[in-house]
Structure formats: C-alpha cells, structure tokens
Amino acid sequence: MSIISSIQQSVTSSLTQIFQQPFTEKDFQVNQTKPEFEGDYTVVLFSLVKMLKQSPDSIGNTLGQHLTENNPGLFTQFNIIKGFLNLTVADDYWISILQKNHNDSCYGKKEMNGKKVMVEYSSPNTNKPLHLGHLRNNFLGWSVSEIMKANGYEVIKSAIVNDRGIHICKSMIAWQLFANGATPESTGIKGDHFVGNYYVQFNNEYKRQVDELLAAGSNKETAEKEAPIMKATQQMLLDWEAGKPEVIELWKKMNQWVYDGFDITYKRIGSNFDITYYESDTYLLGKDIVKQGLDKKVFYHKEDGSTWINLTADGLDEKLVQRKDGTSVYITQDIGLAQLKYQQYNIDQSIYVIGNEQNYHMKVLQLICQKLGMPNADGIYHLSYGMVELTSGKMKSREGTVVDADDLLDEMEDTARQHTEALGKVKDFTADELKELYRVLALGALKFYLLRVDPKKTMVFNPTESIDFHGFTGPFVQYTHARIKSILRKVNPETIWYNSSIDTTTPLLALEKELLLLLEQYGTVLQQACKEQNPSLVANYVFQLAQTFNSFYATHSVANAESDAKKHLRLKLANMTANTIKSGMQLLGIQVPERM
RNA sequence: GGACCGGUAGCUCAGUUGGAUAGAGCAUCAGCCUUCUAAGCUGAGGGUCAUUGGUUCGAAUCCAAUCCGGUUCACCA
C-alpha cells in the first residue's frame, strides 16, 4: 500500500474516532508537503472546517495528536500552518521500504491480473519510409504496452500494414515508367526509401501532366482526372483487385523491398509486433457484419442500394458502411478487423494508437460496434496522439518537409559520438561497444524527447537544433544510472551492505529522505501512467528521480560517507535508485548503459 | 457552420479529482572538478497562467462568454 493510502486510512479512522461520525477519504485531501514547510505529507483541513464547524487549528491539533499517538510507527510529529496539517513520517518507515525493495527488479510492478489487451500501433503505408510522426506512434505504442504489462496485463502488440490501394499503385506505376528495372540492390538504396522515391516521382510527373492539360485549356477537375499517369494508376488498381498476375507480382516485389527497409528501421529502434495484419487480407472483412447489421436494423439501405447507419441521435452524422456496388469502405474493414481481433485473441481491451485526426472515425467505429452488440465494443479505446509539427509548420511529404526516421537516427548517433568523444570517458571500449553505446544514447535521447510530452498534445520539433543531451533528456537519466553503477562497481558487494539490515539510529538527512519519498511513489506513478495510458508520467518521474539523485550526489558522498551506517544506507539508496531508473526507462523502451 | 482538442517564462514542456509564494529543461548571467563519472551541481534574472465575468474561505485548475490556433464533419484510406 502506498504511503498516501496509509495516511488516508489512518486519518479517516482517527476522524471517525474523534468526532464519532463516519468519514471517507473524499472528505479531505492528502498532498506531499511543500519543501518550504516542515513535514512530509499534508492533510488539507479546509473541507473539514465546514463539516465540523470548528476552526482549522483546533481540528488540526486534535487530529495531529490522535494520529501521532495512535500510529507511532508512522508519524513522529506534526505542525499546523494556516489550515494545513503537516505530518512527518517516521524514518523507520522509509528505511523499511529501502530495506525491502532496494534490489527488487519488480519493484512497483503488479502481479498478473488475468486481463488481455491488444495494442495496435505503427500502421505504416508501404509507399514511403517512416518519418518522425511514425516514431512518436511507435514509441508510444511500445511504451504503453510495457506499462500495461507492468500493471499486470497480458499484452499483444499488433500492427496493421496499409499495403494496398491507389497510393501503392502510384509508386508501382512510377517504377514501371522511370526505373528501367532498377532495384534497391542495383542502386544500393534502402528498400523503403527506394520505393518512396518513386512515389515522389509519381507526384512530380502527375503535377507536370496536369499543368500541361491546364495549359492546353482543360479545367482543373478534368485535368486531374484525365492525366494519363493517373488513369494508368486507376487501371492498375482495378487489375490488382482482379488479381492480374503481373500486377500482383510487381506489387509483391515492391512491398517486399519496403518490408526489408522497414525491418532494418524497426530493428534499429527496438520495435516489434506479436501479430501483423495486412490490409490486403482484411479489406474485404466486414461484409457479413453489414448483413447482420441490416437484419438487426442497425443499418439501412438507401434507394440506390448503398448501406448506411444513422448516428445523428448520438450527435454524429449519417455514415456510409457499404457502397452501392457492394464494396466495403474503410470503416467496414475496421469493424471486420475489430471482430477478427476479438475472435482470435479473446481480448478484454483493444487499444488503437492512432493520430488525433482520426478522433471522429474512431468514435464512429466504437459506436457502430456497440450498436451491433459486439461483445467487447466497450473495450475499444482510441489512444489519440497529437501530430509532431516543425517550427516551420507541418510536415508534408509532398513539400519535402518530412523529418525522415533513418536520417534523424543517423544524425543523433553522430551527435552521441561527438559528445562521447569529447568527454573521453570510455576510451577502452571496443569499436562494437562504442557503436552500441551511440545507438543506445541516440535512441534514448529521441525516445525520451518524444515520450516526455503528453501524448494527446501536438508537439513541436525544431529540425535546426539537434535534440539535446543535457537537462530534461534521456541521456541525462542514462548518465545518472551509469554514474551510480560506477559507484557500486567500486564497492565489493559481499561486504557490509548488500544483505545486512540498515542501522536506523542515525536520522535521515533531507536529501536522503527526499530520494526515499520519490522512490516510494514509483508504484503509484506506474498505476497512473497505465490508467491514463500516458508514458510521459513515467518520463517525468524518472527525470525527477535522476535529478534528485544528482543533487544528493553533489552534497553527500556514498563511498566515503561519514560513517559505516551512512555508507550502508546510501549504497542501498543508490542501488534502488539505479534499479528504479532502469525499470522506468525500460517502460519507455530506453536502455540504460553501465558506463558512458 | 457543427463537433472535438489546445493557448502557462524568449523557446520546448510540467502542473487541472480546486489548496500554501505557478514549476522544470533549453537559452542568458554568476559560481563549483587535488575526493564516488562536470552528459553533473548551486544560484540569479525571466509570468496579466489568451481575455472578461461568475462560483468560494481559496481558481492556472470548475462554469459561462469572447478571441486565437489546430483537427474533423468523403461512396479516400
């Protein structure tokens, strides 16, 4: 149980005993005490003043007395300032947390709860390489999965690959027209970039043809429809759907190039999936559901034969679920896939990590599933995240203003190398060890940068300033870990500290206690991060922990502490801090090096 | 126009189940490496919490109105 819960319980029970009437935890508030006052946790008394019709001072005094007398192991003293009852928690309490958990790698995590969750993220298109926006999606999906695991859920990571449709045909047509048989192998270009280049070429050529038609006197609409390259693309989509062998073959070949490229990037960023769905397999799903929906009168036909659902009663619009020619639309496929997921995995919750531009769509999806009576419709949750914008505005592939994932990673690794070389602390590392260190630091900086912000908020990336390695950053936290490990490495673990118990007669110093207070909160943070599906809570926590340790480190010596008892305590404190940093960073998908 | 999201320091962001003098990082300035890793630490300056009104012991946080920005409302995906 967390210290806050303990305090809430004892306050509730004290109040009930003193005033002879029932109280609950909602009748008062418990906060951490502000640093300028004496005490650890504070009971805010104002809400009780009204209920009890007594002055805050009088309530505080009675309550403070009762609490300290009846919970001697928990509270040692109290003071009252302007309606705030500040309680000091006994050193023994903090030390016992340290004693018990200092080397527990599962500290703060929960037992399995028997619930199963699918987290769908990444969802790339196979016509262009990954960019910064995809990275935010991937890191979020991964981290939320890990956070849910830490809170006892069984998690299945899934991806849906958008591998068909008109946009895929665009790069195929462009390749046919312009490539002269070139391949990633023949050019030495990474597969996803190779294909992405033809997508760009398509757009250039298309624009050229449209301009030509416009110059010849066509109006805009006709020109856009009649451009030969667009007509060829549409024909190719029809051929694809008809299963024309040479089109399918080309499609498979080019998609494979992209997958090979993606694999490299995914491996590099440490991303993976338990199951990958392909839209070419799922785009026909959902048709039987349309039938069922019609039978259940959830859907209805219009006179032209198209199928609709009316969501105006729920504040939304009418929505098409099947075209008049009987083909399905996006939402239909999604309903089908949602059902497929439940059938395959019997999941309790289905989380979709998708950008906030699809808020409306996801709302509609859930509503339709609910109206169809699908068993787990309530378990659909859209983890909606904001776009990554540049200081110059939005990223647009067509205008060439996207920040490419591979380029960015290259740059960051180079920055990591420069910092490391300048500091010269790891000169004995082999070339492979150095390479791995640069990768870990670069990724740490990037992941932390993207995850420290509240997911639902739009965030701004400045491409001209490289991502920092100082301050509120991944490398700062990684550094703190390495620093602690350096201390521990120099102490023989078989001596005093590791297994023996801590001497409790010397009082805790302010910074020691501050660290312990923070360490105690880890479990609560994980719980909150899970509840809100918000990794930024973990990032902020882990930063604060590292920062507090560094202050502590600058003031007190661990290895050369003033007494053996203090040395013992601080070694455990350092060890627990390192473990908690490692654990928290792992939930963000960030590794922490032993040395850097 | 309807719906949804946002507006906090020069910049990037925390803080919203209402609580004490609104916090970090970056940038700027001033200090700290004969002792455990200075990717660090200490300190200073920097705020009309978009605006106005309301609710109350108390509002960045709740309510209303207004202004500004974004997304969305396709027989595209």
Side-chain angles (χ1 to χ4, degrees), chain A residues 26 29 31 33-34 36-37 42 44-47 49-50 56 81-84 86 123 125 162 164-168 279 283 302 304-308 315-325 327-331 333-334 355-361 363-364 384 386-387 389 391 394 416 419-420 422-423 425-426 441 445 449 452-454 456-462 465 468-480 482-491 536-537 539-540 543-544 546-547 549-561 567 570-571 574 595-596:
Chain A
K26 292 190 177 136
Q29 215 176 77
N31 301 332
T33 305
K34 302 252 169 203
E36 55 267 36
F37 302 100
T42 298
V44 184
L45 300 167
F46 293 105
S47 52
V49 171
K50 243 183 207 162
I81 298 165
K82 292 200 299 183
F84 297 89
N86 301 323
S123 318
N125 288 351
N162 193 330
R164 63 164 284 282
I166 191 85
H167 51 297
I168 310 297
E279 204 189 290
Y283 83 109
K302 281 197 178 175
D304 66 355
S306 55
T307 312
W308 295 74
L316 306 177
D317 309 296
E318 284 183 88
K319 187 88 189 169
L320 178 92
V321 293
Q322 196 172 69
R323 297 188 187 103
K324 62 186 171 202
D325 63 5
T327 55
S328 55
V329 289
Y330 183 40
I331 193 89
Q333 302 166 31
D334 272 356
N356 60 13
E357 70 230 334
Q358 298 211 34
N359 284 356
Y360 178 77
H361 174 79
K363 214 164 155 184
V364 169
S384 162
M387 299 291 103
E389 288 181 3
T391 32
K394 289 190 182 135
H419 281 297
T420 306
L423 290 166
K425 291 175 184 173
V426 287
L441 292 177
Y449 181 84
R452 67 180 208 196
V453 180
D454 188 333
K456 66 172 187 284
K457 287 198 175 176
T458 304
M459 62 179 292
V460 178
F461 174 78
N462 187 344
E465 293 171 16
D468 223 314
F469 279 59
H470 303 270
F472 186 14
T473 67
F476 170 91
V477 180
Q478 290 170 317
Y479 170 75
T480 310
R483 196 182 218 189
I484 296 173
K485 285 295 176 176
S486 167
I487 302 171
L488 298 180
R489 227 178 287 126
K490 290 177 179 164
V491 180
S536 79
L537 298 180
N540 278 281
F543 170 68
Q544 204 191 339
Q547 203 180 31
F549 183 85
N550 282 324
S551 296
F552 163 80
Y553 176 93
T555 323
H556 305 295
S557 178
V558 177
N560 305 309
K567 180 174 174 181
R570 288 177 193 168
L571 282 167
R595 289 179 58 194
M596 63 185 273

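Worth saying up front: this structure is predicted, and the values here are computed from it rather than measured. So you know, we letter chains A, B, ... as the sequences are listed, proteins then strands, and number each from 1.
- Within the 3.5 Å criterion, the main-chain N or O of His470(A) finds a donor-acceptor partner in the side chain of Asp468(A).
- Listed candidates were A77(B), A20(B), C36(B). Nearest to the side chain of Ile487(A) is C36(B).
- Across all strands shown, Asp334(A) has no heavy atoms under 4.0 Å from either base or sugar-phosphate atoms.
- For G15(B) and A59(B), the C1' atoms lie 14 Å apart once the distance is rounded to whole Å.
- A stacked arrangement is not assigned to Phe84(A) and the six-membered base ring of G19(B), the conditions of a centre distance below 5.5 Å and an interplanar angle below 30° not being jointly met.
- Taking the six-membered ring where the residue is Trp, the centroids of Tyr479(A) and Phe476(A) are separated by 6.0 Å or more.
- Nearest nucleotide to the Arg452(A) side chain, out of C75(B), C36(B), U12(B): U12(B).
- Between His470(A) and the phosphate of G40(B), there is a side-chain N or O to OP1/OP2 separation shorter than 4.0 Å.
- Across the protein-nucleic acid pair, Asn550(A) atom CG and G25(B) atom P stand 12 Å apart, rounded to whole Å.
- Residues Ala482(A) and Arg489(A) approach most closely at O-NH2, 4.3 Å, considering heavy atoms.
- When the side-chain nitrogen and oxygen atoms of Lys490(A) are compared with OP1 and OP2 of U37(B), one or more of them lie within a distance under 4.0 Å.
- A side-chain donor from one of Asn359(A) and Ser384(A) sits under 3.5 Å from a side-chain acceptor of the other.
- Going from the C1' atom of A27(B) to that of G53(B) covers 38 Å, rounded to whole Å.
- The separation between Phe461(A) atom CZ and U12(B) atom P is 13 Å, rounded to whole Å.
- At the heavy-atom level, Val460(A) lies under 4.0 Å from the strands shown only through sugar-phosphate atoms.
- At a threshold of 4.0 angstrom between heavy atoms, the contacts of Met459(A) are confined to the sugar-phosphate backbone, with no base atom among them.
- Within 4.0 Å of Phe472(A), counting heavy atoms only, lie sugar-phosphate atoms of the nucleic acid but no base atom.
- For the pair Arg164(A) and C76(B), the criterion of a side-chain N or O lying under 4.0 Å from OP1 or OP2 is not met.
- Distance from the side chain of Tyr479(A) is smallest to U37(B) among A14(B), C75(B), U37(B).
- Atom C1' of U61(B) sits at a distance of 14 Å from the matching atom of A14(B), rounded to the whole Å.
- No donor-acceptor pair closer than 3.5 Å links the side chain of Arg164(A) to the backbone N or O of Glu279(A).
- Between Tyr449(A) atom OH and C26(B) atom P there is a gap of 14 Å when expressed in whole angstrom units.
- Here C73(B) presents its P atom at 14 Å from CG of Leu320(A), a figure rounded to the nearest Å.
- U66(B) and G23(B) are spaced 29 Å apart, taking the C1' atom of each and rounding to whole Å.
- Within 4.0 Å (heavy atoms only), Phe476(A) reaches sugar-phosphate atoms of the nucleic acid but no base atom.
- Contact record, Ile331(A) with Leu320(A): CG2-O, 3.6 Å, taken as the closest heavy-atom pair.
- Base pairing annotation: G53(B) forms a Watson-Crick or G-U wobble pair with C63(B), both donor-acceptor distances under 3.5 Å.
- By the 6.0 Å and 45° rule, Arg452(A) stacks over the aromatic ring of Phe472(A).
- Nucleotide G1(B): paired with C73(B) (Watson-Crick or G-U wobble, both distances less than 3.5 Å).
- Backbone-only contact: Ala554(A) has heavy atoms under 4.0 Å from sugar-phosphate atoms and none from a base.
- Using a 4.0 Å heavy-atom criterion, one finds that Glu389(A) contacts no nucleic acid atom at all.
- If you check every strand for non-hydrogen atoms under 4.0 Å, Thr555(A) touches nothing.
- C33(B) takes the syn form, because its glycosidic angle lies no more than 90° either side of 0.
- Contact annotation: Arg483(A) side-chain N/O to A38(B) OP1/OP2 distance is under 4.0 Å.
- Residue ring and nucleobase are not stacked for Tyr553(A) and C41(B) under a centre distance beneath 5.5 angstrom and an angle between planes beneath 30°.
- Put simply, the side chain of Thr420(A) gets close to the backbone of Ala416(A): a donor and an acceptor are under 3.5 Å apart.
- Between Glu465(A) and Ile484(A), the residue anchored closer to the 5' end of RNA chain B is Glu465(A), taking for each the nucleotide with the nearest heavy atom.
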With B for base contact, S for sugar-phosphate-only contact and - for none (protein heavy atoms under 4.0 Å), nucleotides 42-47 of chain B reads S-----

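- Contact annotation for Val453(A): backbone-only contact, meaning every heavy-atom pair under 4.0 Å involves sugar-phosphate atoms and none involves a base.
- Counting any heavy atom pair closer than 4.0 Å across all strands shown, Asp454(A) reaches sugar-phosphate atoms only and no base atom.
- Summarising the geometry, the separation between CD on Glu357(A) and P on A74(B) is reported as 16 Å, rounded to the nearest angstrom.
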Look for any protein N or O under 3.5 Å of an N or O in nucleotides 56-64 of chain B and output each such pair with its distance, or none.
none

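- For Leu423(A) and U37(B), the CG to C1' distance is 9 Å, given to the nearest whole Å.
- Around the CD atom of Gln544(A), the shell of radius 6.0 Å holds no more than 12 heavy atoms that belong to other residues, nucleotides or ligands.
- Leu441(A) comes within 4.0 angstrom of a nucleotide base, judged by non-hydrogen atoms across all strands.
- Nucleotides U55(B) and A60(B) are separated by 16 Å at their P atoms, to the nearest Å.
- Nucleotides G45(B) and U8(B) place their P atoms 23 Å apart, quoted to the nearest Å.
- Counting non-hydrogen atoms of other residues, nucleotides and ligands closer than 6.0 Å to NZ of Lys302(A) gives a total above 12.
- The P atoms of C67(B) and C11(B) are separated by 24 Å, rounded to the nearest whole Å.
- Taking atom C1' on both U34(B) and A30(B), the two are 24 Å apart, rounded to the nearest angstrom.
- Remark: the Thr42(A) side chain and the A20(B) base include a donor-acceptor N/O pair separated by less than 3.5 Å.
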Quick tally for nucleotides 1-9 of chain B: nucleotides whose base has a protein heavy atom under 4.0 Å get B, sugar-phosphate-only ones S, the rest -, giving -----SS--

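- Phe552(A) has its CZ atom 19 Å from the P atom of G40(B), to the nearest Å.
- The distance between atom CD1 of Ile331(A) and atom P of A74(B), rounded to the nearest whole Å, is 12 Å.
- Each of Thr391(A) and Pro475(A) was assigned the nucleotide of RNA chain B with the nearest heavy atom; the assignment lying further toward the 5' end belongs to Thr391(A).
- The side-chain heavy atoms of Phe84(A) and Leu45(A), taken from C-beta on, include no pair separated by under 4.5 Å.
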